[in-house]
Each structure stands twice: as C-alpha cells, then as structure tokens.
Amino acid sequence: MTRVPPPLSARRGDELRCAEAMLETLNREKQALADGDASALKATTETKAQLLDALEKLESERSVLAERDGTAGAPESPRLREVIALCKEQNQRNGLLLKARAENVRIALKALRGSEPELYGATGRTPSRADARTLGTA
C-alpha cells in the first residue's frame, strides 16, 4: 500500500509548525547557554538536528507537491518566511553567546595553566607553549 502525500496546503502547515518548533528550541538553547546547563544544551542540540532534518524533508516534499500541482515557484507563506528569519537571527545570537562562553573557558584554562612571560629564557629565546606547565602539574 503506497502512502498518498498530503495536499500542498497541509505540507505548508507542517513546515510552519516545524519551523515554530525550531524557534522554540532555539529559545531553549539560548536559556541553556545563559544558565550554563550542559545537559539542556545537549538536548536542544539534538532536537535542533532532528528539526533541521524534518524541515529539509518537508521543504523537499513541498517542492515535489508544488511541481505536481503546477504551483512551483509560488512564494512561501509570509508567516513561514518570518519564522525562518527569526530562527536564523536567534541561531546567530546563540552562536555569539556560545563563542563568548568558549572564550571564557579558554581564559579560565589559561589562568589555571599559568602563562609564561614573554621574556628570554636560558636559551636566549622566548619560551614556547611547549614550555608552559600543563594542567595538573602546577
């Protein structure tokens, strides 16, 4: 028994609901990043990947249905475009927040490891990173 694809309007509705779920997930990701909640961040990352796969599949199916119905090239719904734009903006903000947290971790690790002054050593050269103490040998 072959599954009959739903009509184009239903597929567009599915796409919008999936995009809205992505936006909600991105907002949860933002909160997880702000809270430093690694388990929530892991969960949102997994959900984002699943939703992205679903969105790509829905878009592909919508394209096939649009071609079949002779409406290929018809614009997406304004609400879908709006939600997708909001997703892109939130994803960029989350990326900047993630980058800032990674920089904080890098600075903390550098402080824990200790830093070598940029002076000449016994060999007459500036010390290299290989000369720096490793974490745990301080």
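Partners of Ala43 under the side chain to side chain contact (heavy atoms under 4.5 Å, CB included) rule, at least two apart in sequence or in another chain, do not exist in this structure. For Lys48, the side chain to side chain donor-acceptor pair (under 3.5 Å) test picks out Glu29, Asn91, with sequence neighbours left out. Remark: Gln92 pairs with no residue by the side chain to side chain contact (heavy atoms under 4.5 Å, CB included) rule, at least two apart or across chains. Residues passing the side chain to side chain contact (heavy atoms under 4.5 Å, CB included) test with Arg28 are Glu24, Thr25, Thr44, Thr47, sequence neighbours excluded. Contacts of Glu59 classified as side chain to side chain donor-acceptor pair (under 3.5 Å), with partners at least two apart in sequence or in another chain: none. For Asn104, the side chain to side chain contact (heavy atoms under 4.5 Å, CB included) criterion is met by no residue, not counting sequence neighbours.
Every pair passing salt bridge (charged side-chain N to carboxylate O under 4.0 Å, His left out) that includes a residue from residues 80-98 is listed here, sequence neighbours excluded: Arg79-Glu82. Pairs passing the salt bridge (charged side-chain N to carboxylate O under 4.0 Å, His left out) check and including a residue from residues 31-42, sequence neighbours excluded, read Lys42-Glu46. Note on residues 94-105: pairs passing salt bridge (charged side-chain N to carboxylate O under 4.0 Å, His left out), not counting sequence neighbours, are Glu103-Arg106.
Annotation: the span from Arg11 atom CZ to Cys18 atom SG amounts to 10.5 Å, rounded to 0.5 Å. Taken from CG in Asp14 to CZ in Arg17, the straight-line distance is 4.5 Å, to the nearest 0.5 Å.
Taking a 4.5 Å side-chain heavy-atom cut-off between Ile, Leu, Val, Met, Phe, Trp and Tyr, the cluster of Leu98 extends to Leu33, Leu41, Leu97. When hydrophobic residues (I, L, V, M, F, W, Y) are linked wherever their side-chain heavy atoms come within less than 4.5 Å, the members clustered with Leu26 are Met22, Leu51, Leu52, Leu55.
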> Step by step, would you call Asp53 with Glu56 a side-chain contact (heavy atoms from CB on, under 4.5 Å)?
Replying inline: CA-CA 5 Å; Asp53 288 344; Glu56 289 174 349; 4.2 Å; yes

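The minimum heavy-atom distance linking Cys87 with Ala19 is given by the pair SG-O, 3.6 Å.
Taking the side chain as every heavy atom from C-beta outward, Arg62 and Leu65 never approach each other to under 4.5 Å.
Between the side chains of Asn27 and Gln31, not a single donor N or O lies within less than 3.5 Å of an accepting N or O.
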